[in-house]
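For reference, the structure is listed below as structure tokens.
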Protein chains: 2
Amino acid sequence: MQSQLKRGTLELCVLSILCRGDRYGYELVNIISSCMHITEGTIYPLMKRLKDAGSIDSYIVESQEGPPRKYYRITDDGRVIQKEQETEWRSFSVAINKLLDGEEKQ
Amino acid sequence: MQSQLKRGTLELCVLSILCRGDRYGYELVNIISSCMHITEGTIYPLMKRLKDAGSIDSYIVESQEGPPRKYYRITDDGRVIQKEQETEWRSFSVAINKLLDGEEKQ
DNA sequence: CATAGTACCTTGCAAAACAATGTACTATGT
DNA sequence: ACATAGTACATTGTTTTGCAAGGTACTATG
């Protein structure tokens with residue numbers, strides 16, 4: 001079930017990481033893996049969606065340690081989206097914690 | 001997009017509310033609506049899934065103010081699930097906040 | 001020359017939120 | 001008598017997205 005929790009937050013995670021600097025796909029998998037289970041089958045389709053939406057763009061860099069890397073860079077539009085989603089996440093998690101702690105009106 | 005954030009957490013919300021007392025479906029929609037957008041099309045299928053899984057059971061109570069109400073009661077198994085999911089949620093939200101704040105290893 | 005690690009990508013499946021739609025009861029107003 | 005609104009249940013079909021499984025290809029190591 002763990003997997004369902006990630007819905008909607010992975011995009012925010014990726015955008016937030018890219019806000020702090022360019023990364024390539026495989027690197028993103030490793031970074032996020034330190035916090036939660038994730039595989040390439042999740043990241044690459046997500047990067048494609050983000051690129052199609054104009055939130056990120058990309059460029060290729062050759063590597064001596066293996067195949068060429070596709071680096072992703074966040075766009076100005078992407079930064080706006082990231083801010084929106086971060087705000088959404090903060091208020092959402094507050095709302096959930098409220099319901100967990102039983103602060104709804106009777 | 002808001003909708004995607006709810007994945008996996010609605011179940012926890014419902015179980016947490018039922019931990020504090022029995023509720024009927026329409027009532028749950030109203031309680032949760034005070035925190036986030038939700039409709040009956042989400043709750044009723046969820047209640048069916050929870051019942052099939054043995055996390056809740058239900059009983060009918062006649063009402064003078066409208067049609068009969070189907071009350072849901074959490075089972076012992078459901079309480080175990082609720083605790084597990086609450087723990088999962090807490091550690092998940094910590095992990096997300098870490099990624100947002102850029103505490104991943106470089 | 002086999003294996004492991006790096007790095008890319010696609011296909012197909014499954015879970016779950018939700019709009020839309022439908023039924024049926026009670027109460028209120030006209 | 002009849003329309004409307006509120007309460008309360010339920011189902012169908014669509015959409016999104018996470019992810020296992022599979023594939024390609026490069027470099028380095030034993």
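All figures in this text were calculated on a predicted structure; none of them were measured in a lab. Proteins come first, then strands; the chains are lettered A, B, ... in the order of their sequence lines, and each starts at number 1.
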Separation of atom [atom1] in [X] from atom [atom2] in [N], rounded to whole Å:
X     : N      : atom1 : atom2 : value
A:K51 : C:dT10 : NZ    : P     : 11 Å
A:Q4  : C:dC13 : CD    : C1'   : 13 Å
A:Y71 : C:dT6  : OH    : P     : 14 Å
A:R69 : D:dT24 : CZ    : C1'   : 18 Å
B:I38 : C:dA17 : CD1   : P     : 8 Å
B:D52 : C:dA16 : CG    : C1'   : 15 Å
B:I43 : D:dC9  : CD1   : P     : 10 Å
B:R7  : D:dC19 : CZ    : P     : 13 Å

Selected nucleotide, minimal atom distance to [X] side chain, candidates [options]:
X     : options               : value
B:T42 : D:dT7, C:dC18, C:dA16 : C:dC18
B:T39 : C:dA19, C:dC8, D:dT17 : C:dA19
A:R49 : D:dT17, C:dC18, D:dC9 : D:dT17
B:H37 : D:dC9, C:dT10, C:dC18 : C:dC18
B:L10 : C:dA17, D:dC9, D:dT16 : C:dA17

Does the distance from a Lys or Arg side-chain N to an Asp or Glu carboxylate O, for [X] and [Y], drop under 4.0 Å?
X     : Y     : answer
A:R7  : A:E11 : no
B:D77 : B:K51 : no
A:D76 : A:K83 : no

If you look at every strand shown and take non-hydrogen atoms under 4.0 Å, does A:L46 touch a base, only sugar-phosphate, or nothing? nothing
Regarding A:E27, tell me which of base, sugar-phosphate or nothing describes its non-hydrogen contacts under 4.0 Å with the strands shown. nothing
Please determine which of A:Y24, A:Y72, A:Y71 meets the ring pair (Phe, Tyr, Trp, His ring centres under 6.0 Å) test together with A:Y59. A:Y71
Please tell me if [X] has a side-chain N or O lying less than 4.0 Å from either OP1 or OP2 of [N].
X     : N      : value
B:Y26 : D:dT7  : yes
A:Y44 : C:dC9  : no
A:Y24 : C:dA7  : yes
A:K6  : D:dC19 : yes

Quick one: on DNA chain D, does B:E65 or A:G66 contact a more 5' nucleotide (nearest heavy atom)? B:E65
Do A:V29 and A:T39 make a side-chain contact, defined as non-hydrogen atoms from C-beta onward lying under 4.5 Å apart? no
Strand partner of C:dC13, provided both Watson-Crick or wobble distances fall under 3.5 Å: D:dG18
Return the 5'-most residue of the pair B:Q64, A:P67 with respect to DNA chain C, ranking by each residue's nearest nucleotide. A:P67
